[in-house]
Every structure is written in structure tokens, then in C-alpha cells.
Amino acid sequence: MDRNPSPPCSDAEEEEGDAVGNTVYSKHWLFSVLTRLIEVIAPAEPEPAASPQGARTELDEEMENDICKVWDMSMDEDVALFLQEFNAPDIFMGVFAKSKCPRLTEICVGILGNMACFQDICMSISKDENLGQVLLQRLCDSDSPTLLETSRLLLTCLSQPEVANVWVERIRENPSVYDCVCFIMSSSTNVELLVKVGEVVDKLFDLDEELMLNWIKNGTCHSVGPSVDDSPEELPDFKIVPCILEAAKQVRSDNPEGLDVYMHILQLLTTVDEGIQAIVQAPDGGKETWSLLYDLVCQELCQPDDPPIIVQEQKTVLASILSVLSAMFASQTEQEYTRMRKNMPLIGSLIRILQYMEGCGKRAVDNSKESEQEETGRTDVNEEDFHLKILKDICCELLSNMLQELTKENTLEGLHQGHLNEQTCSCAFQNLLPLYSASVESFLEVLREADQTLADNLEKRFPSLKAHT
């Protein structure tokens, strides 16, 4: 059976006034499906004594087919409004409370998610405190499809400015949400679910710094977690950073957008001191975080065999990663993983990113000249330039800090490995000057000890340096 069968062809025109709004869907048919749904969760006959309490049940095939059609139809605003008027959210509350069928729960949450795409309905759903609490409880479900639809619904509501604060406050007051989200990030292998949960966390942290701080400091209390039979289950003592890292590892190869989401979550953590400390004061001193980000920059993103335009595609994830690395480098220079002898490939990667951005910048200028009379074209170029400038600023800050830490031995190693030469050093100087002149001059002094000829050539290309030496 298809996950969401196509909506039924309606004969609503044969019965005057039976059409839902301006659609061809039948009110009578929708009534019948919702009525049968009520009967499913409130059967006239009691359950057989032989059925173990809490056992999962399967949904009748015909009922599943019909309720899936309602799921598809609920993307239409007229149908969503009709469901709202028929008190469908209250019926779904009954499903969540009584049903032992994961598929039925998933579909009902999915229908609510579609309905929440419309502002007035989203406001009604969000202001229903009982429904809000029940939906948050669904994050403790053991069924991945239900968790996916619940996360989609939450993200939809959090993206509506009129009700976002309602959900932020509700989540802040519900400690189990933290534990359930961490449990998903740390244990799920469902990439689609991990991406959607990551988007929820990213949105929450972006909306509310207080909630982010609470989650950073969390991990000392236990809450009710996922359980097949709805009985309380004590969760481990979760810390937010390891959970984010585990999720990022799961999505890194299969979903670039998901990796972007989790890198941005880490970047948001570094906007507060507590977040930086949570990363660098982990039991491993931040080594796992540094190693993951280092590998992404040096082994996967913006590689030598990629075309320069790749930096345009990867600019947001690169900006997030380099921002976190920069914060870690500035706060933990005594850590073994930040020793420069191990990080010459990272310096080479930073310079390559700057080289690729120069290529993209020239292309953007050419494109803008060709479309000077096209307003939209100029806007797109300006937006691209803005994001590239952010990446350049972050890249230059990290590169300048790393160059200041180089010793003669590090520099000789960088020259031997090919990370440092006249071309790469010229690119670095071109981008770092004049803002980071102190770093450049410090590096030039070390370079002069390692390769006098190269240092002299660079001084000739950048006369301002010679004037200061």
C-alpha cells in the first residue's frame, strides 16, 4: 500500500451542499471516516481477555486507506478548516490516549501537521494546552514514523511567529523533551528523523537563548523516555554536545542538508560562553568535536579535485564548522589536538577555501556585469556575496590565529607537505591584510627562518609588510 494514497474522486456534485469548501471532496465521506475513527478508539465490545495489555495492534486495511486519503486531503485549506470545525484535533487526542496502533498515531499526527500549515488552525492547535502536552509526549514514542511526523508538526509551529513562543515556553517547562530529543539524536539511525529533529533543535536554539542555556546545563536529571508499553523508563544522563555529534556522524554521508543543520546547532552553542565550555570541557577535552570538524574540512568539503564553485554550495556548512573550530582554537590552545604540528593540513584547507572564494568572486562580478539591467539578478549576486563574506571573515579569523602559533619546525613541515608555498601564502596575505597585519608579520618572521627566499619574494609582492619590518 502507498504511504499516502491519492485522495478519492468525489461525487459531491451529485448532492448539493456536500462539497467541502471549493473542493470536490465530500463532507459526508469525511464524516463517515472520522466517525469510524471514533469507533476504532472506542469500540462497543471490550478487548478480548486474551489480548495482552499494551500490545500493539494493526490498522484495518480499509480504514488505513481511508484515513491516509484524509491525510492527503488535509493539505487543502478548505479540508483542514472542515476538520477543525468537526473537532478532529479532539478525536486525534483520543487516538493518542487510547490507540495501541503506531500507524494510526503516525497518520493522525501527520494530519495535524498538515493542518498546522495554515495560520489560524496553527494558532488554535498551539493554544490548546492539553493537545500541546500530548503532542510533546509523542516525542517519547518508540515508533520512528510517529517521531518524524511529531517533529515535522513541531517545526511547523515553531516556524509560525505568532505561536512560536507558546511552544518554546511549553518545551522549556517540559524536561522530558530534552531527554527524548537527546535519546533520538544519540541512538537513532533513521537519517530522515535525525534531520527533522535537528531542524527542531536548531529552530529552538535560534529562537530562545535561555532554552539553549538550559539544555547546555542539563543532563543531571532523569525523565520519562521512550517505551513500547508506555511505562516509565529512566533515560541515561544525556549531555547535549555528544548527542549532537552522534547525530552529525549519522547524517554526514547521506544528507548534506542534515549535516548543515547539526553544524549550525554547534555554531549556535559557541555564541555563549557556556556552550563553548560544554564543547571544550567534555571528558575528552573536545577532541571528538575537533576531530569530526577537522575531517570534514580536510577530507570531505572543498577538496582539491572539486571545482571552485563548490564553495558556493558549501558556504553555510563551512561557515558553521570554521566558526566552531575558531572558538575552540581560541579557548583551548593548550590541547594536544590544537598543536600546530597536527594542523598544517587545516591551514592548507583554509587557504584553499579562500582561493576558491576568489574564483567565485570573479565569477559573480562577471555575472553581475552581464545582468546589470536585471534587478533580480543583482539581488541574487548580492545575497551570494553576503554569505561568502561571512565565510571569508570566519576563515580569515581562524587562519590568522593559527599562523601566529606556527614555529619554524611547523613552517618547514608545511613547506615540505605543500600546504605553504608562494601561491598559497600570497593568497593568505591578500585576504588577511590589512586587518590581520600583526599575524601576517609574525608569520613572515618565522617564514624567514625557514625559507629566506620565499619570505623575500612575499615582501616584494606586499610592500606594506616591508615598511613595517
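In this structure, CG in Asp260 is found 10.0 Å from CG in Asn255, a value given to the nearest 0.5 Å. Separation of atoms CD1 (Ile353) and CG (Asn431) is listed at 11.5 Å; rounding is to 0.5 Å. The CG atom of Leu147 lies 8.5 Å from the SG atom of Cys180; values are rounded to the nearest 0.5 Å. To the nearest 0.5 Å, atoms CG (Leu301) and CD1 (Ile310) are separated by 8.5 Å. To the nearest 0.5 Å, atom CZ of residue Phe86 and atom CG of residue Leu81 are 15.5 Å apart. The OG atom of Ser74 sits 9.0 Å away from atom CG of Leu112, with the distance rounded to the nearest 0.5 Å.
A donor-acceptor contact shorter than 3.5 Å is absent between the side chain of Asp72 and the backbone of Cys68. Panel note: side chain Asp60, backbone Met63; a donor-acceptor pair is recorded below 3.5 Å. For the pair Tyr178 (side chain) and Phe238 (backbone), a donor-acceptor distance under 3.5 Å is present. Judged purely by atom type and a 3.5 angstrom limit, Lys315 uses its side chain to pair as donor or acceptor with the backbone of Gln312. A donor-acceptor distance shorter than 3.5 angstrom exists from the side chain of Tyr337 to the backbone of Gly285, with no hydrogens or angles considered. The closest donor-acceptor contact from the side chain of Asn87 to the backbone of Asp90 lies at 3.5 Å or more, if one exists at all. Panel note: side chain Thr271, backbone Leu268; a donor-acceptor pair is recorded below 3.5 Å. In this structure a side-chain-to-backbone donor-acceptor pair under 3.5 Å is missing from Tyr436 to Leu399. A donor-acceptor pair under 3.5 Å is formed between the side chain of Ser400 and the backbone N or O of Cys396. A donor-acceptor pair is defined here as one N or O able to donate and one able to accept, closer than 3.5 Å; no such pair exists between the side chain of Asp128 and the backbone of Ile125.
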Original post:
Under the salt bridge (Lys or Arg N to Asp or Glu O under 4.0 Å) criterion, do Glu39 and Arg36 qualify, and how do the steps go?
Top reply: CA-CA 5 Å; Glu39 293 172 353; Arg36 284 159 52 207; over 6 Å; no
Subject >> Verdict with supporting geometry, Met357 and Leu391, side-chain contact (heavy atoms from CB on, under 4.5 Å) >> reply: CA-CA 9 Å; Met357 279 192 288; Leu391 175 57; 3.9 Å; yes
**OP:** Verify side-chain contact (heavy atoms from CB on, under 4.5 Å) between Leu139 and Ser151, making sure each step is shown before the conclusion.
**Re:** CA-CA 8 Å; Leu139 287 173; Ser151 301; 4.2 Å; yes
Subject >> Worked verdict on Glu300 versus Arg252 for salt bridge (Lys or Arg N to Asp or Glu O under 4.0 Å) >> reply: CA-CA 10 Å; Glu300 294 187 21; Arg252 64 185 288 186; 2.3 Å; yes
Original post:
Hey, mind stepping through Val324 and Met263 against side-chain contact (heavy atoms from CB on, under 4.5 Å) and telling me if it holds?
Top reply: CA-CA 8 Å; Val324 177; Met263 293 303 100; over 6 Å; no
**OP:** Could you give me the CA-CA distance, side-chain angles and deciding distance for Leu135 and Trp167, then say whether side-chain contact (heavy atoms from CB on, under 4.5 Å) is met?
**Re:** CA-CA 11 Å; Leu135 288 172; Trp167 286 97; 4.0 Å; yes
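Here the side chains of Val20 and Asp76 are not in contact, with every heavy-atom distance at 4.5 Å or above. Here the side chains of Leu204 and Ile171 are in contact, with some heavy-atom distance below 4.5 Å. The shortest side-chain heavy-atom distance between Met75 and Met115 does not fall under the 4.5 Å cut-off. Side-chain atoms of Asn65 and Glu62, non-hydrogen and from C-beta on, never get closer than 4.5 Å to each other. Contact check for Glu246 versus Ser187: no side-chain heavy atoms found under the 4.5 Å cut-off. In this structure the side chain of Met328 never reaches within 4.5 angstrom of the side chain of Ile276, judged on heavy atoms. Trp290 places none of its side-chain heavy atoms less than 4.5 Å from the side chain of Asp295. With a 4.5 Å cut-off on side-chain heavy atoms, Glu106 and Trp71 count as touching.
The minimum heavy-atom distance between Lys239 and Asn218, with the atom names listed, is NZ-O, 3.8 Å. Nearest approach of Leu148 to Leu193, heavy atoms of both residues: N-CD1, 3.6 Å. Closest heavy-atom contact between Ile351 and Thr424: CG2-O, 3.4 Å. For the pair Pro102 and Asp143, the tightest heavy-atom approach, listed with the atom from each and the gap, is CB-CG, 3.7 Å. Pairing each heavy atom of Cys298 with each of Gln303, the nearest pair is O-OE1, 3.2 Å. Shown here for Asp179 and Pro175, the closest heavy-atom pair between the two residues is OD2-O, 3.2 Å.
With respect to the salt-bridge test (charged N to carboxylate O, under 4.0 angstrom), the residues Glu129 and Arg170 qualify. With respect to the salt-bridge test (charged N to carboxylate O, under 4.0 angstrom), the residues Glu64 and Arg103 qualify. A salt bridge is absent between Glu192 and Arg152: the closest approach of a Lys/Arg side-chain nitrogen to an acidic carboxylate oxygen does not fall below 4.0 angstrom. Between Glu405 and Arg339, no side-chain nitrogen of the basic residue sits less than 4.0 Å from a carboxylate oxygen of the acidic one, so the salt-bridge criterion is not met. Ion pairing of Arg138 with Asp141 is present here, as a side-chain N (NZ or NE/NH1/NH2) and a carboxylate O approach within less than 4.0 Å.
Between the side chains of Ser188 and Gln250, no donor N or O sits under 3.5 Å from an acceptor N or O. Residues Gln137 and Gln133 bring no donor and acceptor atom of their side chains to less than 3.5 Å of each other. In summary, the side chains of Ser320 and Gln267 do present a donor paired with an acceptor at a separation below 3.5 Å, with no hydrogens or angles considered.
Just one residue in the list Asn114, Val109, Ile107 forms a side chain to side chain contact (heavy atoms under 4.5 Å, CB included) with Ile111, and that residue is Ile107.
Lys127 NZ: 12 or fewer foreign heavy atoms inside a 6.0 Å radius.
A disulfide bridge does not connect Cys117 to Cys122: their SG atoms sit 2.5 Å or farther from one another.
The aromatic rings of Phe96 and Phe92 lie tilted to each other, with the angle between the two planes from 30° to 60°.
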